[in-house]
Amino acid sequence: HKQEEESDREAEKKKSKKKTEKVNSCLSQVICLPSIMLALKWEEEKYEDGVKWKFLEHNGPYFPANYEPLPDNVHFYYNGKKVKLSLAAEEVALFFAQMLDHEYSTKKVFRDNFFKDWRKEMTHEERLLIQDLEKCDFGELHAMHKAKVEARKNMTKEEKLVVKEANQKIVDEYGYCLLDHHKERIGNFKIEPPGLFRGRGEHPKQGMLKKRIQPEDVIINCSKEGRIPIPPAGHRWKEVRHDNTVTWLASWTENIQGSIKYIMLNANSKLKGEKDWEKYEIARKLKSCVDDIRNQYMQDLKSKHMGTRQRAVALYFIDKLALRAGNEKEEGETADTVGCCSLRVEHITLHELLDGSECVVEFDFLGKDCIRYYNKVPVIRKVFKNLKLFLENKQPGDELFDRLNTSVLNKHLSSLMPGLTAKVFRTYNASITLQQQLKELTNSNVAEKLLSYNRANRAVAILCNHQRAPPKTFDQSMANLQAKIDARKEQLALAKTELKQAKKEAKTKGSSDPKLVERKKAAVKRCEEQLLKMEVQATDREENKQIALGTSKLNYLDPRISVAWCKNMEVLVDKIYNKSQRDKFAWAIDMTEADFEF
DNA sequence: CTCACTACTTAGGAGATGCGCG
DNA sequence: CGCGCATCTCCTAAGTAGTGAG
């Protein structure tokens, strides 16, 4: 009966959503849908605005296994004395013990947060006893965990197969849903297990307890008509609703930030694919009006209104440097990171002259995921002058753009072009950069073609500042490759000598083996090819040391550019996209002709 | 305008998987 | 056939962007 009420509430909510949906519909009218829909059998009914599905059925999320108490021979000690913890306290103690090898378990913020949350899980008596984290000895718990990891690693083939089959069974049961007559893969069908929260960078909440999610915390979203997922035995769902204006199948509220987590479809699903295609179509539309927009913000740099000037400078950065929008964030809730609109005075330094360039802006700030953005950029004089103006009478901690935020900026952008927001510039600039770079490069053999492709991909990754930690084994594997190259070089020299010898013999005394010269020639050629391939690989790997290509490939580069390139260059799509990428971009692989222009 | 809330995309790292080589 | 490394998959945090109330 409660669930009935909930769905009534939902119906009312939907009515108030009507207005929103009108706006969305404008957007889809701007972009013409038909061609791709036919290509992909997406032709079935196009629903009224905002409706994402007509039928949705699934088995609900998969819950992690319950906590298994410690075996009798593993103990926790406080102040040197054996202490048998309550189940709840023990579980959390084990979370900490498992992290003892990580550097962050030594950080004060992490330890303080952990200890505070751990004590909340303790019984009254435990809380009285355990007052100092330093006096806690998790040694045996830690050792047990390490032994378990080791044991898992040393499993026999048969044991591994058993585990694999069990996992497959879970995927079969929970990993798929039925959405409008199609069986679709679910992206994340597992409820996130409890543990200690570790944010990125200097996160103020690191070490806090991320609580176990119960079915009573979970909202299920599915069709009224179909089967409703059955909660685990002895449990009930928080709510079952039937909202077909959203794409999620289940959700719960996470206790660290209080944000909502969703169970959603896999990237290869029709719903996600259409959205992805739409994203690139909007970016292509920007291509057709970007000149006007650029002229406009150049004019705005001279505006009488400070707000307009700030908007223009921000837009200049977003366009030229592919900066993120930079929503404001709640202080103390997350690590201190910024994007364009939230840049502070301390994040830029102005240089009238630097390394032979005039009007250089030096950026140094932490962006998303605490990845450092460091760049020295010559800018046009008008931008430089404006920045000087914005900096006047401000302290390092003050906002650079005090009259601007992302909502003001996006409102302006959507007035210039329907669907235009700050992030569209990133998509547009990434994709157009790839297309340009690929045009400039021509190579003969496949290895070189792929190096060219990777270089173009890399140019985009650098633009978008997609970094990675250098792989732990980088130096070693680089040295190994170099050794292989050296060995091959020697082999090549030898092969050449042998060829010469063979030629000489053939000339002087007529050969005992008439094919010998041919064979030696082939050996030299093979050797040269292998050497080239390795050298190309070495270059590629070196240039890629700290650059992550995956993110741009997956999220910013219109796959049709890549597919068209493959067709033109006669490179197999498999060479640039792995299986899951091919799945995600199936729509582009199906529909793209060699003459595609972004 | 601000704030809270929601829904969705984008992100790097850890661990699992698998592949080439001797 | 096992080993060591590269690649891929999974995980979930951290963004963007929109809505509506006050």
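If you're wondering where the values come from, they're calculated on a predicted model, not measured in any experiment. Here is the naming used below: chain letters follow the sequence lines, and residue numbers restart at 1 for every chain.
Toward the 5′ end of DNA chain C lies the nearest nucleotide of A/Tyr577, the other residue of the pair A/Thr334 and A/Tyr577 mapping further downstream. Comparing A/Asn405 and A/Arg200 by the nucleotide of DNA chain B whose heavy atom lies nearest to each, the residue mapping closer to the 5' end is A/Asn405. In terms of position along DNA chain B, the nucleotide closest to A/Lys272 lies nearer the 5' end than the nucleotide closest to the other residue of the pair A/Asn167 and A/Lys272. With the nearest nucleotide of DNA chain C identified for both A/Ala422 and A/Asp369, A/Asp369 has the one nearer the 5' end.
Residue A/His203 comes nearest to A/Val109 through the heavy atom pair O-CG1, 3.9 Å, listed as atom of the first residue, atom of the second, then distance. Closest non-hydrogen pair, A/Ala461 versus A/Ala548, comes out as CB-O, 3.5 Å. Nearest heavy atoms, A/Leu265 versus A/Glu184: CD2-CB, 4.2 Å.
A/Tyr47 and A/Asp180 share a donor-acceptor pair across their side chains, judged by distance under 3.5 Å alone. Side-chain contact check for A/Thr253 and A/Asn255: no donor-acceptor pair (N or O, by modelled atom type) lies under 3.5 Å. A/Thr247 and A/Lys52 share no side-chain donor-acceptor pair at under 3.5 Å.
Remark: A/Tyr556 is in phosphate contact with B/dA11, judged by side-chain N or O atoms under 4.0 Å from OP1 or OP2. Taking only side-chain nitrogens and oxygens, A/Lys423 never comes nearer than 4.0 Å to OP1 or OP2 of C/dG15. Contact between the side-chain N/O atoms of A/Lys190 and the OP1/OP2 oxygens of C/dC11 is found at a separation under 4.0 Å. Close to B/dG12, at under 4.0 Å from its OP1 or OP2, lies a side-chain N or O of A/Thr551. Taking only side-chain nitrogens and oxygens, A/His203 comes nearer than 4.0 Å to OP1 or OP2 of C/dA14.
To the nearest angstrom, P of C/dG18 lies 13 Å from CD of A/Glu278. Note: CG (A/Asn327) to P (B/dT10) measures 14 Å, nearest angstrom. Per the geometry, CG belonging to A/Leu404 stands 11 Å off P belonging to B/dC1, to the nearest Å. Following rounding to the nearest Å, A/Asn410 (CG) and C/dT16 (P) show an atom-to-atom distance of 10 Å. For the pair A/Phe197 CZ and C/dT12 C1', the computed distance is 9 Å after rounding to whole Å. Straight-line distance from the CD atom of A/Gln206 to the P atom of B/dG13: 16 Å, rounded to whole Å. Between A/Lys153 atom NZ and C/dC5 atom P the separation is 13 Å, expressed in whole Å. As rounded to whole Å, 13 Å separates atom P of B/dA11 from atom CG of A/Leu323.
A donor-acceptor pair is defined here as one N or O able to donate and one able to accept, closer than 3.5 Å; no such pair exists between the side chain of A/Asn457 and the backbone of A/Leu434.
If you check every strand for non-hydrogen atoms under 4.0 Å, A/Leu554 touches nothing. Residue contacts shown for A/Ser251 are absent, as no nucleic acid heavy atom lies under 4.0 Å away. Nucleic acid contact for A/Ser259: none, since no nucleic acid atom lies under 4.0 Å from a heavy atom of the residue. Within 4.0 Å of A/Gly339, counting heavy atoms only, lies no atom of the nucleic acid at all. Contact annotation for A/Arg324: backbone-only contact, meaning every heavy-atom pair under 4.0 Å involves sugar-phosphate atoms and none involves a base. Using a 4.0 Å heavy-atom cutoff across all strands shown, A/Lys210 reaches sugar-phosphate atoms only and no base atom. Among the atoms of the strands shown, none is found under 4.0 Å from any heavy atom of A/Glu254. At the heavy-atom level, A/Ser580 lies under 4.0 Å from the strands shown only through sugar-phosphate atoms. Using a 4.0 Å heavy-atom criterion, one finds that A/Lys52 contacts the sugar-phosphate atoms exclusively.
Residue A/Ile318 forms a side chain to side chain contact (heavy atoms under 4.5 Å, CB included) with just one option from A/Val313, A/Asn429, A/Val424, A/Leu409, and that option is A/Leu409.
Comparing atom distances between the A/Thr421 side chain and each of C/dT12, C/dA17, B/dC1 picks out C/dA17 as nearest. Closest to the side chain of A/Lys579, from the set B/dA7, B/dA11, C/dT9, is C/dT9. Here B/dT9 is the nucleotide among B/dA7, B/dC1, B/dT9 with the atom lying nearest to any side-chain atom of A/Lys275. Residue A/Lys368 has its side chain nearest to C/dA14 when only C/dT12, C/dT9, C/dA14 are considered. For A/Asn578, counting side-chain heavy atoms from C-beta on, the closest listed nucleotide (B/dA11, C/dT12, C/dT9) is C/dT9. Distance from the side chain of A/Lys164 is smallest for B/dG18 among the nucleotides B/dA11, B/dG18, B/dA7. With B/dC8, B/dA16, C/dT12 as the choices, the nucleotide that has an atom nearest any side-chain atom of A/Lys261 turns out to be C/dT12.
Across the helix from B/dC1-C/dG22 to B/dG22-C/dC1, the helix axis at one end is tilted relative to the axis at the other end by 20° (nearest 10 degrees, each axis from five pairs).
Taking the six-membered ring where the residue is Trp, A/Phe365 and A/Tyr373 present parallel rings, their angle staying beneath 30° rather than reaching 60°.
In A/Lys107, the NZ atom is crowded: over 12 heavy atoms of neighbouring residues, nucleotides or ligands sit closer than 6.0 Å.
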